[in-house]
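Only a predicted model underlies this, so the values are computations on that prediction, with no experimental measurement involved. Heavy atoms only: backbone and side chains are in, while hydrogens, waters and symmetry mates are out.
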Amino acid sequence: MLRGVLAIFVRKHMTSERSFLASERNSRECEGREFCTAVDDDRSPLSGIRVLDLTRIVAGPYCTMILGDLGAEILKIERPDSGDEARRWGPPFFQGTQESTYFTSVNRNKKSVCIDLKRGKDIIYELAQTCDVLVENYVPGKLKQLGLGYEAIAKIAPRLIYCSLTGYGSYGPYANRPGYDVIAASLGGLLHITGPKDGPPCKVGVAMTDLATGLYAHGAIMAALLQRAKTNQGQWIQCNLLSTQIASLINIASNYLNGDKEATRWGSEHESIVPYEAFPTNDGYMTVGAGSDSQFLELIKRLQMPELADDDKFKNNTARVKNRTELLKILRSIFKKKTNREWSVIFEGASFPYGAVNSIKEVFDDPHVKHINLVQEVNHPITGKVKLIGPPVTYSYATNIVRSPPPTLGQHTLEVLRNILKYSDNKIESLRAQKVVQ
């Protein structure tokens, strides 16, 4: 049984001689290639897994992109003519095109297949029978109306893992509402705790609720694949934005549920740890966190304020939280005296964590970010070179890589219909003429 489980995810011959960072080897072997298959068959954890991707926007595409990085074949089903809504989320667009940079960020390693779901239902049925996973993020009931809900698909593909991502789940007062990140973040409390202490609620700079839901879905799919290897049964996975957001409240939720403590906005400060915030400097902001008393002692030593250690108001974290206003006033006045670069030199080698608040340009100019080669380039058939943020996880044996650029709309329709479903050219042309496929 265990051997069957491992066969899906881990290939044989995991010897120490071949153990090294996959990202480094892959960057060498795949450099300059439009579609990298250098190590696909041998070491890709999800090689041989095929995913029928009916998702659009962010959460679903982010989930399936992660599966694609790990070697799964992703068949991205899009509407003829318009495709995924995120294709039009711009500007910015790539110069001279209508390809949005937004779409590019979550849709690498996929094949675009244009099928009208209403009139091409039978094609979806046939594809589902060749796939291991189906992922969708329609409003609950929408696909059921089209005959593509879980019950209908499970009848013809009982081993299929069917994953639904929704705004609020399939039951409850909000079930039929469309779900967007900022709305779920609002209802789920994230906006209430985000923003200046005395200011209005603020959204997070990226769609964190969407991304967290995509990550939950990816992990759930991996677990279901493991279980299927033991049971030979598919199942229905349901993830939703609101539940994900509430689960992500962690200590804030626990403080309320167990301590009856309502949360407030703290800006960059921390409710339970002091000091822990972004301090204004001479030319920007420097974030510092002292999560232990020893770290605080080292911080004030490097700030050349060791006498603070003798003050009972700051002797431990509980005291510092109680007297945060007085302590932070002192620390903020000190931080303003030097630049981020100067503080970085002073803090080098410290036991406490620290870092400048970087602009996006500064992020990608950072020497550490450059060193880890997180930014990768691929050749796109329309836009030319496209820069992508590669997978943040590396394996000693398995591959987790950018394999191909985001697809153009309908780029792989012919390939999939011909090679996977074995349709004749005459049948494909007939479907095109009827605008069932594109």
Side-chain angles (χ1 to χ4, degrees), residues 185 189-206 208 248-252 255 261-372 374 392:
L190 183 59
L191 266 68
H192 176 69
I193 61 173
T194 304
K197 291 175 68 172
D198 300 319
C202 295
K203 70 181 290 293
V204 180
V206 293
M208 288 307 303
S248 300
L249 289 175
I250 54 170
N251 61 297
I252 300 299
N255 291 348
K261 189 176 191 327
E262 178 60 81
T264 59
R265 288 183 282 282
W266 286 95
S268 68
E269 292 181 45
H270 196 290
E271 180 178 19
S272 305
I273 305 172
V274 176
Y276 193 112
E277 68 170 88
F279 291 95
T281 65
N282 186 259
D283 65 346
Y285 290 86
M286 175 66 67
T287 304
V288 173
S292 68
D293 294 337
S294 62
Q295 288 181 341
F296 176 70
L297 290 175
E298 183 174 0
L299 171 63
I300 59 177
K301 180 179 179 180
R302 291 187 182 237
L303 293 176
Q304 297 185 356
M305 293 287 290
E307 64 273 15
L308 293 177
D310 299 324
D311 193 327
D312 286 345
K313 293 194 296 290
F314 313 136
K315 65 180 180 179
N316 55 41
N317 184 68
T318 300
R320 292 191 293 274
V321 170
K322 182 178 179 180
N323 299 287
R324 70 163 65 230
T325 301
E326 182 178 350
L327 176 58
L328 293 177
K329 182 178 180 181
I330 295 170
L331 296 181
R332 288 166 184 165
S333 66
I334 297 172
F335 272 95
K336 286 182 179 179
K337 295 178 180 180
K338 298 183 185 296
T339 65
N340 283 350
R341 183 180 295 276
E342 289 172 324
W343 284 123
S344 293
V345 172
I346 291 171
F347 294 157
E348 180 65 35
S351 64
F352 56 84
Y354 66 92
V357 176
N358 283 337
S359 68
I360 303 304
K361 180 181 186 303
E362 289 168 334
V363 169
F364 293 111
D365 287 340
D366 187 282
H368 184 86
V369 176
K370 287 184 175 181
H371 183 81
I372 61 178
L374 199 58

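Atom CD1 of Ile346 is separated from atom CD of Gln304 by 7.0 Å, given to the nearest 0.5 angstrom. Taking CG from Leu308 and NZ from Lys313, the interatomic distance works out to 9.5 Å, rounded to the nearest 0.5 Å. The distance from atom CD of Glu298 to atom CG of Leu303, rounded to the nearest 0.5 Å, is 10.5 Å. For the atom pair CZ of Arg332 and CG of Leu327, the computed distance is 9.5 Å after rounding to the nearest 0.5 Å. If you take CD1 on Ile300 and CG on Asp310, they are separated by 8.0 Å, rounding to the nearest 0.5 Å. The CZ atom of Phe314 sits 4.0 Å away from the CD atom of Glu326 when rounded to the nearest 0.5 Å.
Annotation: side chain of Glu271 is in contact with side chain of Asn255 (closest heavy-atom distance under 4.5 Å). Ser268 is not listed as a side-chain neighbour of Thr287, based on a closest heavy-atom distance of 4.5 Å or more. Trp343 has its side chain out of reach of Asn282: every pair of non-hydrogen atoms, C-beta onward, lies at least 4.5 Å apart. In this structure the side chain of Arg265 never reaches within 4.5 angstrom of the side chain of Pro200, judged on heavy atoms. Inter-residue side-chain proximity for Phe279 and Leu328 is flagged as met; some heavy-atom pair is nearer than 4.5 Å. Side-chain contact between His368 and Ile372 is present, with heavy atoms from C-beta onward closer than 4.5 Å. In this structure, His192 and Pro201 have side chains that are not in contact, with every pair of non-hydrogen atoms separated by 4.5 Å or more. Using a 4.5 Å cut-off on side-chain heavy atoms (C-beta onward), Phe296 and Lys315 make no contact.
Using modelled atom types, no side-chain atom of Asp312 and backbone atom of Ala319 make a donor-acceptor pair closer than 3.5 Å.
Taking all atoms of both residues into account, the shortest heavy-atom contact from Gln295 to Gly291 is OE1-N, 2.8 Å. For the pair Ile273 and Ala290, the tightest heavy-atom approach, listed with the atom from each and the gap, is CG2-O, 3.4 Å. Here the closest non-hydrogen pair linking Leu299 and Pro275 is CD2-CG, 3.7 Å. Shortest non-hydrogen contact noted between Cys202 and Gly195 is SG-CA, 3.8 Å. Taking all atoms of both residues into account, the shortest heavy-atom contact from Pro392 to Leu374 is CA-CD1, 4.2 Å.
With respect to the salt-bridge test (charged N to carboxylate O, under 4.0 angstrom), the residues Glu342 and Lys337 do not qualify. With salt bridges taken as basic N to acidic carboxylate O contacts below 4.0 Å, one links Asp293 and Arg320. Under a 4.0 Å N-O distance rule, the pair Arg341/Glu362 does not qualify as a salt bridge.
Enclosure of atom CD in Glu348 is not indicated, since only 12 or fewer non-hydrogen atoms of other residues, nucleotides or ligands lie within 6.0 angstrom.
Taking the six-membered ring for Trp and the full ring otherwise, the centers of Tyr285 and Phe335 sit at least 6.0 Å from each other.
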### Query
Checking side chain to side chain contact (heavy atoms under 4.5 Å, CB included) for the pair Met286/Lys338: CA distance, chi angles, key distance, verdict?
CA-CA 10 Å; Met286 175 66 67; Lys338 298 183 185 296; over 6 Å; no

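For the residue pair Thr281 and Asn340, a side-chain donor N or O sits within less than 3.5 Å of a side-chain acceptor on the partner.
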